[in-house]
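Written below as structure tokens is the structure these notes are about.
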Amino acid sequence: EDDRVVGSNAQSGQFADLDFSAKEKMLENYVANGVAVVITNQRYAGYGAFTGGWRSTRRIAGEKFVSAEVQDYSALIVTSERILTFNGKSGAWSHTQR
């Protein structure tokens, strides 16, 4: 959808919407077995099979997306400023400076 992303969990039969704010646009998306990640111009959002919803973390001003790798229940995102991980089982974002 233009103004949102719908995540679905086949195991629980639930759907979760990630609504975009004004001027927010999806740039990239990645899906693996138990995790999905959406990269927008304002944030990074992850959806895990066990978390039951979207979890987001804000982008830093001027931060540029470099790459992403998504496997099983985890995602790794590399930016110009940070390395971020998303755990699809716990729904937790972690990050460290580059």
Side-chain angles (χ1 to χ4, degrees):
E1 305 292 334
D2 290 337
D3 61 347
R4 68 186 173 130
V5 174
V6 180
S8 66
N9 186 327
Q11 186 175 25
S12 68
Q14 296 180 329
F15 294 88
D17 291 344
L18 174 65
D19 295 319
F20 294 153
S21 62
K23 298 183 182 180
E24 185 174 20
K25 302 290 181 209
M26 181 169 58
L27 304 176
E28 301 278 343
N29 66 77
Y30 300 89
V31 178
N33 295 341
V35 68
V37 172
V38 171
I39 299 166
T40 77
N41 58 330
Q42 297 178 11
R43 61 183 161 164
Y44 306 102
Y47 183 88
F50 296 104
T51 61
W54 291 96
R55 305 290 193 270
S56 298
T57 187
R58 303 288 300 167
R59 291 181 74 155
I60 296 171
E63 184 176 46
K64 292 177 179 54
F65 170 73
V66 175
S67 66
E69 185 172 332
V70 180
Q71 292 183 348
D72 297 326
Y73 294 97
S74 64
L76 173 73
I77 296 174
V78 178
T79 74
S80 58
E81 305 294 323
R82 303 180 286 174
I83 300 170
L84 300 98
T85 59
F86 176 73
N87 183 317
K89 289 185 177 182
S90 68
W93 280 99
S94 301
H95 63 88
T96 188
Q97 300 293 348
R98 284 188 71 185

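Keep in mind that this is a model prediction, so the values were computed, not measured. If you read the sequence from its start, that first residue is 1, and numbering goes on from there.
Across all their heavy atoms, G53 and A16 have their closest contact at CA-CB, 4.1 Å. Minimum interatomic distance between E28 and F65 (heavy atoms only, all atoms of both residues): CG-CE2, 4.0 Å. Of all heavy-atom pairs spanning S21 and Q42, the tightest one is OG-OE1, 2.9 Å. What you find for V66 and S80 is that their closest heavy atoms are CG2-N, 3.7 Å. For R59 against R82, the heavy-atom pair with the smallest separation is CA-NH2, 3.9 Å.
Counting heavy atoms from C-beta outward, Y44 and H95 have side chains that stay 4.5 Å or more apart. Residues I77 and V37 meet the side-chain proximity criterion, which asks for heavy atoms closer than 4.5 Å. Looking at S94 and N87, their side chains never come closer than 4.5 Å, going by heavy atoms from C-beta outward. Using a 4.5 Å heavy-atom threshold, the side chains of R43 and F20 count as touching.
A donor-acceptor pair under 3.5 Å is absent between the side-chain atoms of R55 and the main chain of A92, judged by distance alone.
Rounded to the nearest 0.5 angstrom, L18 CG and N29 CG are separated by 11.0 Å. One finds the CD atom of E63 at 10.0 Å from the CZ atom of R98 (value rounded to the nearest 0.5 Å). To the nearest 0.5 Å, atom NZ of residue K25 and atom CG of residue N41 are 8.0 Å apart.
In this structure, F50 has its ring center closer than 6.0 angstrom to the ring center of Y73.
Tracing side-chain contacts under 4.5 Å through hydrophobic residues (I, L, V, M, F, W, Y), one never reaches V38 starting from W93; they form parts of separate clusters. One hydrophobic cluster, built from ILVMFWY side chains closer than 4.5 Å, holds both F86 and Y30. Taken together through direct or relayed side-chain contacts under 4.5 Å among Ile, Leu, Val, Met, Phe, Trp and Tyr, L84 and V35 form part of one hydrophobic cluster.
Within a 6.0 Å radius of CD in E24, more than 12 heavy atoms belonging to other residues, nucleotides or ligands are found.
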